[in-house]
Each structure stands twice: as C-alpha cells, then as structure tokens.
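The figures that follow rest on heavy atoms only: side chains count, while hydrogens, waters and symmetry mates do not. For this chain, numbers begin at 1 and follow the sequence in order. For ligands, and for the atoms within them, numbers begin at 1 and follow the listed sequence.
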Amino acid sequence: MKALVYTGVKAMTYRDAPEPNPDMGENLIQVEAVGICGSDMHGYLGHDERRPAPLILGHEAAGTVIEGPLAGKRVTVNPMVPCGTCETCTEGRENLCPERQLISMPPREGAFAELLRMPSDNLVELPDGFPMDKAAMAEPLAVCWHAIKLADRLTIRPLEHSRCLVLGGGAIGLGSALCLQAFGAGEIVVAETNPLRRTYLAAHAPGAVVDAADLETGYDLVVDAVGYRGTREAASALVKPGGAICHIGLGDADAGLDIRRATLQEITFFGTYCYTKADFRETVDAMTSGRLGPLEWTSTRALSEGSEAFADLLAARVEAPKVILHP
Ligand SMILES: [Zn+2]
Ligand SMILES: [Zn+2]
C-alpha cells in the first residue's frame, strides 16, 4: 500500500509500506479521509519522543471497512485503544488508561495510509451519505466535546449564563467554540492572533472573533486551546473571580499560570485530555445531526501531496483550521 511516512525531522515521504495485519477480530479499513493534527506536526518537527521515525503518523481517519466483522460499513475511527480491564477503563474513563495505545504511536501505525487495522469497538458507523471529510473530524471534535462537557460540570455558573472565551482559532479552538454553542453557552468569543485565520474564522465560528491583543477581562470560562506560557498568562488574567480555566492545549509544559490569583479569587483550573468512548459516540451524533454546524472549515489535499501540506502548515500558509488528506 502507499503511505505518507515520517522519515526524519521535517521529512514526510510518500512511499510503499507493508500492509497492516489485522489481529483476530480486527477490521481492515480503506482510509478515505484523514486529518492532520497538531500532534502530527509535533512529531514531524521531531518534538515527540513517542513518535520515532520511520513511522506512519495520522489518527483522524474515516473510511470503509473492507475486511473483518464490520465489512462493508462506512465508519469513523476512534484512534485510542485502551486495555479495557483496568480501574479507569471499567469506570468508562478510557482516556486515562495507563495502557492505552493510540494509532500513530508504536506499536500501532497511523492512518496516513491506504489501509488501517482497528478493533470493532473503535469504529462508529456513519449515516448513509455523511461525507468522509466531515467524518474524519470526529476525533478532534471529540477532544473538544469532552473538554466542554467537563467544563459544564466543573464551572460554578451554568454555561448558559456564562461569558466564554476560547484562546486559539485552530481546529481545537473552533471545535470548542462550536461545542460551547451546542451546550448553550451564553456568550462566546474566539481569540486568534493570525489575521489570515481570523478572517476565515469570521465565517465559521459562533460568536465574535477577535485579535488576542484586544481582549478585555471578565470571562466566566476561558478555554486554552493553545497551551503555551503566554496563553496561560492570558487565561489567568482574563478569567473572572470564581471562574474557570479549561486547559486543552499541549504547547509547552510549565509557567504562565497565576497561582496566587487562582487562590485569592477561587479560580478553578482543569486539564482535559482526549475523550471517552461514550464522548466519541456522542460527538459523532452531534456532528451527524448538525448540532456542530455544517463543518465546512477544512481544506483537502491528496495524501501524495502530504509533504507539501506539512510545509504549508508550518509556514502558516493555510487559512482553514483543518487539512484533510485523501489517500
Ligand atoms: Zn488529533
Ligand atoms: Zn485500561
């Protein structure tokens, strides 16, 4: 099969790769659409020791099962394979399973390929006619859905009476804004520094899209969809007394959070990671029933042109928050 293989720092090579060998009970999927994630970009830049070259990256996939228990079904892929037996798995919090595997990290190859193997439990069937390009966005949107669900539970003021700010207008930022809308949030503002991206977002994001430099304080909930020192500093300064900071971004690991202010003004800070199996299914439901909007904020390329797509993303030459590749 053909695959886009990460072969070294800033090197993606479209070449022949061995076909996956499904385990007993697994399915073989013909991948039809696969998104490029920020974490693929991390791997491409050589910043992720969990993704050593050579490796097939990509974990946001949709396609048709051609072999196995679900043969013939059109599906979207939950890329996380948990152990299924530990304490967190049995409690339905598979995202915290210490033994979890994610495709695009050894021992599982990723989805920038013509073929992918997956257990049946990881596949969610799509309604007839639901486009594969949109179906491939289930994974990043499930990350957002899980985060906003957690925010809905952990914030003191109900979301419908909350002023909500999302820092970052990438796929996770925009997805979080759309999930906030689906959860009935009172007011939504998306802050983005890139003017090219801001203009694009104005047509796709709910609520207002503003330059991060123009923000005023006073938000009940701040979602940090970037996760760097600077955005944590901004979140700490912009959140209201008694408000909450929801941290999804995996930019860097330390500094920026104002712990004294968090203590004196009772600010809740919580991290959020991936999604449970239940969240993933709820997200696909929300997507296919239109509750997350028309999902038309992607740009598409052939998998064979994946190397150029990575270079363009790195140079911030892409307006759309999500690039989808077609094997
Ligand atoms: Zn992702
Ligand atoms: Zn487990």
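- Vertex the Zn ion (ligand 2), arms ending at SG of Cys86 and SG of Cys97: the angle is 120° after rounding to 10 degrees.
- Between Tyr44 and Phe310, the angle of the ring planes lies from 30° to 60°, which puts this pair in the tilted group.
- By the 4.0 Å N-to-carboxylate-O rule, Lys240 lies close enough to Asp220 to be salt-bridged with it.
- Residue contacts to the Zn ion (ligand 1): Glu60 brings an N, O or S atom closer than 2.8 Å.
- Note on Glu32 versus Lys134: no salt bridge recorded, every NZ/NE/NH1/NH2 to OD/OE distance being 4.0 Å or above.
- Residues His247 and Phe270 keep their aromatic ring centres 6.0 Å or farther apart.
- Of the angles at the Zn ion (ligand 1), the one spanning SG of Cys37 and NE2 of His59 is 100° when given to 10°.
- Closest approach between the Zn ion (ligand 1) and any N/O/S atom of Glu139 involves OE1.
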